[in-house]
Amino acid sequence: MSDTASTLPELATYHTGYRSPVTERPHTRTILIGLTVLLLCLFLVLPLLSVFVEAFQQGVGKFLETFSIPDARSAIWLTLLVAAIAVPFNLVFGIAAAWAIAKHRFPGRAFLISLIDLPFSVSPVVAGLVYILLLGTNAPIGGFLYENFNIRIIFAVPGIVLATIFVTFPFIARELIPLMQDQGTGDEEAAISLGATGWQTFWYVTLPNVKWALLYGVLLCNARAMGEFGAVAVLSGKLRGETVTMPLQVELFYNEYASVAAFSLASLLAGLALVTLIIKSWLEWRFGDQLATGTRPH
Amino acid sequence: MELALKNVTKSFDGFTALNGISLDIRPGELIALLGPSGSGKTTLLRLIAGLDFLSSGQILFGDEDASAKSVQERNVGFVFQHYALFRHMTVLENIGFGLKIRPARTRPPKSEIRRRALELLELVQLSGLENRYPSQLSGGQRQRVALARALCIEPRVLLLDEPFGALDAQVRRELRRWLREIHDATGHTSIFVTHDQEEALELADRVVVMSQGRIEQVGTADEVYDTPNSPFVYSFIGDSNSLPVRVDNGQIWLQDRTIGLTDPTAPNGPATLFFRPHDIELVEGCGGCLAGTVVTSRRVAGTKHVELEIGGAQHRIEVELPIEHPAATKSRLAFRPKRWKVFSAQEQPVYHTSPAPVPAQSVLLQRAAV
């Protein structure tokens with residue numbers, strides 16, 4: 001691409017009025033770009049900015065005060081805890097699923113692929129309700145656990161973790177499957193022919209081949225795990241200081257007209273999203289060819 | 001090491017990729033598996049390596065039955081068409097990989113692995129490139145690294161799957177000669193798969209010609225070229241002409257004329273005559289010969305390729321003549337094949353279809369390239 005870009009201006013000077021058949025006329029291009037930028041500003045940048053503006057409206061002091069409110073603190077801790085459980089779980093699951101789907105042929109493989117996508121197509125609220133039906137203290141499984149082991153799942157931390165895992169299920173697997181499929185099994189065959197065991201092959205060959213895509217998947221998974229609202233809201237029961245995550249706490253603050261606190265906490269979430277975006281862009285720029293784009297580096 | 005295949009059969013989902021292959025390979029031999037795509041040559045190589053499992057039959061490494069052993073236990077060196085180098089490792093790490101992953105009690109010390117890898121790098125004439133990554137090498141260089149990596153584990157047999165298939169013609173020829181030298185220097189029993197007959201004939205001690213999951217002929221380059229034992233081998237290896245003829249008491253007839261060739265052993269009835277374009281002699285005046293009208297004539301390197309129409313049915317054949325021969329379009333040309341063979345129509349090999357299909361197993365992907 002860079003070659004084309006550097007030769008185009010030259011060509012243009014030789015053939016006046018030259019333009020590549022697939023590019024638009026200059027003013028069409030300006031309009032298209034302008035429209036895109038305008039919409040982006042209106043619907044993405046502006047709301048995001050307003051979050052920060054609201055948060056710092058009464059100064060940095062007020063902003064920081066939010067983070068000494070016990071409820072806010074416990075919400076932050078709970079969110080971190082949930083992400084710390086859900087992300088590693090999905091990391092293991094995602095790698096295992098991608099490995100099974102991309103490198104093996106077995107009956108029901110196509111069905112498994114659709115199944116992994118299920119959390120994308122099911123509304124998070126529905127997912128939450130299903131868990132209540134299955135695991136609530138009045139339901140068979142939930143009741144059994146509660147009566148015999150005194151374990152509460154619904155309206156407790158385990159439920160929130162479950163909901164988060166459900167919602168973030170596809171992120172890592174989806175990132176890895178196309179790349180692994182594209183890479184095929186040649187490298188693995190080479191490794192086992194050289195005497196490597198299955199585990200060694202995975203550790204020395206398969207994993208390094210997908211490491212950037214994996215990191216990318218983890219980032220996306222993490223961002224979603226921390227930001228999930230719907231499914232968690234259904235399962236949390238909103239016991240203050242106990243089962244309230246950051247997004248839920250933001251809502252609680254907001255409903256109580258504590259708008260600075262709400263926006264301060266929201267800005268923390270937004271900040272996290274921005275950091276994720278920056279790392280993601282950097283990864284794409286640096287290792288774009290290996291990130292599920294369907295090309296092999298050599 | 002000696003290698004023996006006994007009645008090796010492989011079927012995938014009811015399709016028989018290999019049907020009763022038996023072959024003995026002598027220690028230190030360089031064998032080519034040659035055949036068109038779909039002939040089962042790559043499948044056979046993968047079975048020997050243990051990358052696929054047999055449906056029935058046996059593979060013997062020396063006296064040992066290797067059929068049920070895993071790839072890792074077989075200790076084979078496998079070179080892939082698309083190199084399959086580990087892209088995140090340097091050339092030296094790639095070569096030493098097979099030693100690095102050994103269990104602690106059989107693993108040489110790090111310095112020894114490094115020394116061996118450097119030695120092999122020198123053998124494949126890439127000294128100085130040890131810290132490069134595969135993406136920084138040319139195709140030919142990558143394949144050399146892949147070979148060094150396969151040799152590093154001191155394999156009992158070296159298997160190469162279309163090793164030069166992804167390279168351009170110039171590099172191919174160069175690497176071909178070089179592979180022969182390496183083979184002579186290291187003395188590994190080696191088997192390589194190719195669909196390029198030139199490569200097989202030039203490089204191998206013996207060529208195994210395969211078609212439709214069966215072995216058609218096994219022999220030296222001279223044997224398979226000069227005395228092909230089936231119509232398939234005749235037409236697959238080298239250029240050849242075929243004419244539908246009839247045998248009557250040993251006399252060979254083309255339509256209503258004898259052509260001056262006799263084969264007392266051939267059974268009476270319809271048959272096909274095979275001969276090579278360069279194995280002919282021109283004759284003056286035609287009393288018992290083949291004669292035809294020149295259709296086209298083109299110069300190919302040092303010879304003239306003349307296309308002829310023979311007989312009333314206008315069969316087209318091609319002969320090679322010296323450049324200075326004045327064969328002009330529409331002129332008549334009479335000749336007699338010097339070396340030829342008739343295959344009786346009844347003798348055509350019959351390809352049996354598979355016995356009961358056996359479920360295919362595979363280490364990684366079931367669908368192997370055939």
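Order of the sequence lines sets the chain letters (A, B, ...), proteins ahead of strands, with each chain counted from 1.
- Separation of atoms OG (A:S193) and CZ (B:R149) is listed at 7.0 Å; rounding is to 0.5 Å.
- Within 6.0 Å of CZ in A:F111 there are 12 or fewer heavy atoms belonging to other residues, nucleotides or ligands.
- Taken to the nearest 0.5 Å, the CG atom of A:N209 stands 4.0 Å off from the CZ atom of B:R87.
- Of the atoms belonging to B:R74, not a single heavy atom falls under 4.5 Å from chain A.
- B:F97 approaches A:A196 most closely through the heavy-atom pair CE2-CB, 4.1 Å.
- For a heavy-atom cut-off of 4.5 Å, chain A lies close to B:K100, B:I101 in residues 100-112 of chain B.
- One finds the NZ atom of A:K211 at 6.5 Å from the NE2 atom of B:H88 (value rounded to the nearest 0.5 Å).
- The contact between A:Y204 and chain B is made by backbone and side chain atoms together, counting heavy-atom distances below 4.5 Å.
- The stretch residues 156-170 of chain B places none of its residues near chain A, where near means some heavy atom under 4.5 Å from a heavy atom of that chain.
- Heavy atoms of other residues, nucleotides or ligands lying less than 6.0 angstrom from CD of B:Q136 number more than 12.
- For B:A150, the part lying near chain A is the backbone, with the side chain staying farther off; criterion is any non-hydrogen pair under 4.5 Å.
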*Between B:F78 and A:E189, is a side chain to side chain contact (heavy atoms under 4.5 Å, CB included) present by the stated rule, with each step listed?*
CA-CA 9 Å; B:F78 203 102; A:E189 285 183 342; over 6 Å; no

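- In this structure, A:L194 CG and B:F86 CZ are separated by 5.5 Å, a value rounded to the nearest 0.5 Å.
- The minimum heavy-atom distance linking A:G186 with B:A84 is given by the pair O-CB, 3.7 Å.
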